[in-house]
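What follows is a set of notes on a single structure, which appears directly below.
Below, chains carry the letters A, B, ... as their sequence lines are ordered, and counting in each starts from 1. These numbers come from a predicted model, not from an experiment.
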Number of protein chains: 2
Amino acid sequence: MTADTQIPRATAQRLPIYYYYLSSLHEAGIKRINSTEISEAIKFDAATVRRDFSYFGALGKRGFGYDVSALLDFFSKVLSQDKLNKVAVVGTGNLGQALMKYNFVHSSNIQIVMGFDVDPKKKELKIDNEKGETIPVYSIGDLKSELNKENVTIAILTVPGKSAQEVTDQLVDAGIKGILNFSPIRITVPNSVRVQNVDLTTGMQTLIYFVDNFENIKSAK
Amino acid sequence: MTADTQIPRATAQRLPIYYYYLSSLHEAGIKRINSTEISEAIKFDAATVRRDFSYFGALGKRGFGYDVSALLDFFSKVLSQDKLNKVAVVGTGNLGQALMKYNFVHSSNIQIVMGFDVDPKKKELKIDNEKGETIPVYSIGDLKSELNKENVTIAILTVPGKSAQEVTDQLVDAGIKGILNFSPIRITVPNSVRVQNVDLTTGMQTLIYFVDNFENIKSAK
DNA sequence: CAATTTTTGTGATCTTTTTATCTAATTCGT
DNA sequence: ACGAATTAGATAAAAAGATCACAAAAATTG
């Protein structure tokens, strides 16, 4: 079930991209695909695609390509699409609330089940998601107990930079295993906790830099 | 003014992180800093930090470190913090509206000045940002004229995957130079246009994969 | 002011990632 | 069923990126 080879980081980062693309092919009723076409759609070299897939074994057939359904099923398992991942939003400011309400991080295997905030007034907030379910907001003091009660191991961190590290420490103490960090701070966590940074401002600044310095960037092919 | 060396991609991606950190130091009244401390805060190796800086020349002093103000001023220029970048949001669904209202991509040099949508009803939307300014929403048919009128060269793409490529083609035709792509599609653009992908779902899926396959990821130090 | 400490900047090296090329398996048309 | 066309998977090479380690420069100390 689990891969027996060590998967390179860069490959792991591409897996959700493959998964999304395969889903769209499947929905469109496309039955087979080859590495060249995948390459064109996702903008990585065809050799990279084949190499990535090969870490998981021989998934394709020479002279034929890849069977979309089989590949999709496989990556579905690899990405734990079968199991439901309960997620908590920590920091229910504008961004946190927006993520809860509109389920921007949306996928069948991810469900935001609760929110936390330092401000006790936020407890009165009744945040309804798109399905009409009310997502409870708790005080940050109840982090540990509430997370454990529902067995939540993934957190979305949407607190201001100032309190990001302090709240992170509490999340770690509460047994959180993964943090999607929207704060502009690079948080410190022990080795056993995974962090994925999603900084909206950083992305935009990088883009502007790339636009302004087009000629100066290496391999901006 | 512009760097005379080719800046590696990886370095360019770290510039906004340095900038944010330096700003926070400056605000805190800290006058000098060394690569080791920077390294601890931003979680990249100290040698990487020094190497990154060195692409822009000798910014530090041996035996002393870096002067925070001077370094901040320098990166401020590198990242065009002095010039105002007008940005348009294309696709005023939940995510697009949230970005416009709450200015999540917020920084002094970035201003969202207009929105676009296929749905003509959206034109009646009066979206006020946090400063109380009303951001107009136009029909996507007016893309070219409105963008050119205000000299907008950066777009935030928040349309559904289905229409992402079609809208991208229109943006390119309208002369857009950079796209911050929130759609799950890897869009195709000509060589002269820069794309930065920010996929919320992908980030979360990658995180879950990293959490579930901790032992299988290479150099998850 | 000499000795010691600090800390940068960078050549050298190592690691990771990407790309190119080759080989052999499989398909497909006839 | 055969031969040409296709295409994955493997191997090799190249490129990009991270890290090591140390000389040189500057600061600090006694």
Partners passing ring-ring contact (aromatic ring centres under 6.0 Å, His included) against B:Y66 (at least two apart in sequence or in another chain): B:F53
Write down the distance between CZ (A:R9) and C1' (D:dA18), rounded to a whole number of angstrom. 13 Å
Atom pair distance, as rounded to whole Å: NZ in A:K31 and P in C:dT27: 18 Å
A:F44 has an atom CZ; how far is it from atom P of C:dT18, in whole Å? 7 Å
Atom CG of B:L15 to atom P of D:dG17: distance rounded to whole Å? 13 Å
Return the value, rounded to whole Å, for the distance between atom NZ of A:K43 and atom P of C:dT19. 14 Å
Can you find a side chain N or O atom of A:T48 that sits less than 4.0 Å from OP1 or OP2 on C:dT18? no
Pairing residues for A:F44 by the ring-ring contact (aromatic ring centres under 6.0 Å, His included) criterion, not counting sequence neighbours: none
Atom pair distance, as rounded to whole Å: CG in B:D52 and C1' in D:dG17: 10 Å
Please set out all donor-acceptor pairs under 3.5 angstrom arising from side-chain atoms of residues 88-99 of chain A, sequence neighbours excluded.
residue : atom : partner : partner atom : Å
A:T92   : OG1  : A:D117  : OD2          : 2.7
A:N94   : ND2  : B:E130  : OE2          : 3.2
A:Q97   : NE2  : A:T92   : O            : 3.1

Would you mind reading off the distance between A:D45 atom CG and C:dT21 atom C1', rounded to a whole angstrom? 12 Å
Return the set of residues passing side chain to side chain donor-acceptor pair (under 3.5 Å) with B:D169 (not counting sequence neighbours), or none when no residue passes. B:Q165
By ring-ring contact (aromatic ring centres under 6.0 Å, His included) - contacts of A:F64 (at least two apart): none
For a quick check, with a 4.0 angstrom heavy-atom cut-off, what is the B/S/- contact string for nucleotides 4-13 of chain D, read 5' to 3'? --BBBB-BB-
No-hydrogen, no-angle side-chain donor-acceptor test under 3.5 Å, A:Q13 and A:Q196: yes
